[in-house]
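Encoded as structure tokens, the structure appears first; notes follow it.
Start at 1 and go down the list; that is how both ligands and their atoms are numbered.
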Amino acid sequence: MDATEFRRRGKEMVDLIADYLENIEQRPVYPNVEPGYLRSLIPQEAPEEPDTYEDVVKDIERVIMPGVTHWHSPYFYAYFPTASSFPAMLADMLSGAIGCIGFSWVCRTMSFSPVSIILECHLNWAASPACTELETVMMDWLGKMLKLPEEFIAGTHGQGGGVIQGTASEATLVALLAARSRTVRIILANDPQRPETDITSKLVAYASDQAHCSVERAGMIGGVRMKKIPTKQSNKYAVHGETFLKMIQEDKAAGLIPFYVRTEHTTFFERTKHTHPILRTEHTPSILCNAEQIWMHIDAAYAGSSFICPEFRPLLNGIEFADSFNFNPHKWLLVNFDCSTMWVRDRSDLIGAFKMDPLYLKHDHQESGLITDYRHWQIPLGRRFRSLKMWFVFRMYGLKGLQDYIRKHVELAKEFETLVRADPRFEISADVILALVCFRLKGSNEMNEVLLKRINNGKKIHLVPCQLSGQFVLRFAICARTTESRHVREAWRIISQLAEEVMQELPH
Ligand code: PLP
């Protein structure tokens, strides 16, 4: 394909995308295929001779679309939203075209394995300055929209800054590895003879028993113990400071080294405020030689986008005690996947963990806020020009447009909540704070399971469940950019009608 054909095909593809999104609600939101459906639809080998572009495009409807769950359908209410906007899609095209691997601003040497060629590059050889610098500035823009404490903003006198990771799971892992490395460093500084393996074998990290499973995986990958802090329904699933403190004390008495806690936004972010001052001020553990720092990572994967609205910003109170904070603009801020934004209070903690330089010295290597070697802030070396999507979206929506978008989704969730509350057969299972409604039929788990199955088998709307205190609960998340009141009302009509059937068939 040459540039002339690319122009033509590109325009056709934009039409295809616009048609798909404009007409998406006519499609069943959930696919009707069996596992392995696709293999029989395409050849077992890649073609020897090239196929034509027309052949490929024809196969989109035949091969791909039957197996697509349409996350951008206004009838998709499952999981959490994944962002989609036209400005972000256009920026993604440009990012693909520039196609840089923006791992650093400057490069002196590069080593290419496996042939081990060492390329001496000129000082200031640029992997892609725009890719790095736009990211730093976009992270500051977004940090300011969220009213993060100044220490997290790179373009200030603070030591922090922001980086785009691929996912919240990566951010949790990166924070855990940075915390691990910081703790080891602090202990070794005071006890240089202590074997590093002895320290790492005693590290213990914590997360609420309600936490997303990504934190358990981070513990597995990071090779550390991960303990769950028990929560109670009566405390609205918040981590209670005293419970957490008791665990820390018991673990320390057993010779363990508490070093990391991940907290999530829940409806009770208050816990951040309550727990961390205890860690920082009242009970400084001597094991870290009076420098105990349990790294607190806040994962607000979904909720974080709402913090750009002043009325939701209090949910982030307590950020002043955090070492790192992350959320996914690719969930709810109109920046298409992937774009998971992470800020750290002290960038040298990250660089200290990931820089491939055993002689790393914190003060000698501190980077300026505007020239960042992002390869030291993440696990992979290569990185896409993801900040272009933020730049396009932030400029074309403006803060006001983004706030309106969040508020509209919250209003739609409230509308659904009102419908549920008005029906005595149903109950709301958790406070509705943002654009997620957890609800169920009053009655057995079995009845609710059957109801959900019927809903999803109908394929008109799609929901997923969760467990809350042993109860099977249906989740209704406002997800698509194009969801309107009429879609929510139609969804409720379907749920309500199916509930009638289920209640007639099953004892409750
Ligand atoms: N953390 C929390 C709190 C989440 O809600 C989710 C997903 O919904 C994740 C992490 C995983 O997100 P990602 O796919 O970005 O790793």
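For the pair S214 and ligand 1, a heavy-atom separation below 4.0 Å is found. Note on ligand 1: K331 sits in its first shell, one or more heavy atoms being nearer than 4.0 Å. Remark: distances from the non-hydrogen atoms of Y302 to ligand 1 are all 4.0 Å or more.
Taking all heavy atoms of A218, S169, A168 into account, the minimum distance to atom 15 (O) of ligand 1 is reached by A168.
Near N328, meaning under 4.0 Å from one of its heavy atoms, ligand 1 places the atoms 12 (O), 15 (O).
Salt bridge R486/E25: present, at least one basic N to carboxylate O contact under 4.0 Å. Note on K460 versus E490: no salt bridge recorded, every NZ/NE/NH1/NH2 to OD/OE distance being 4.0 Å or above.
A cation-pi arrangement is present between R481 and F86, with the terminal nitrogen or guanidinium carbon under 6.0 Å from the aromatic centre and inside a 45° cone about the axis. Stacking of R475 on the aromatic ring of F80 is recorded, both the 6.0 Å distance cut-off and the 45° axial limit being met.
The ring pair (Phe, Tyr, Trp, His ring centres under 6.0 Å) pairs that include a residue from residues 201-230 are Y206-F244, where partners are two or more places apart or lie in different chains.
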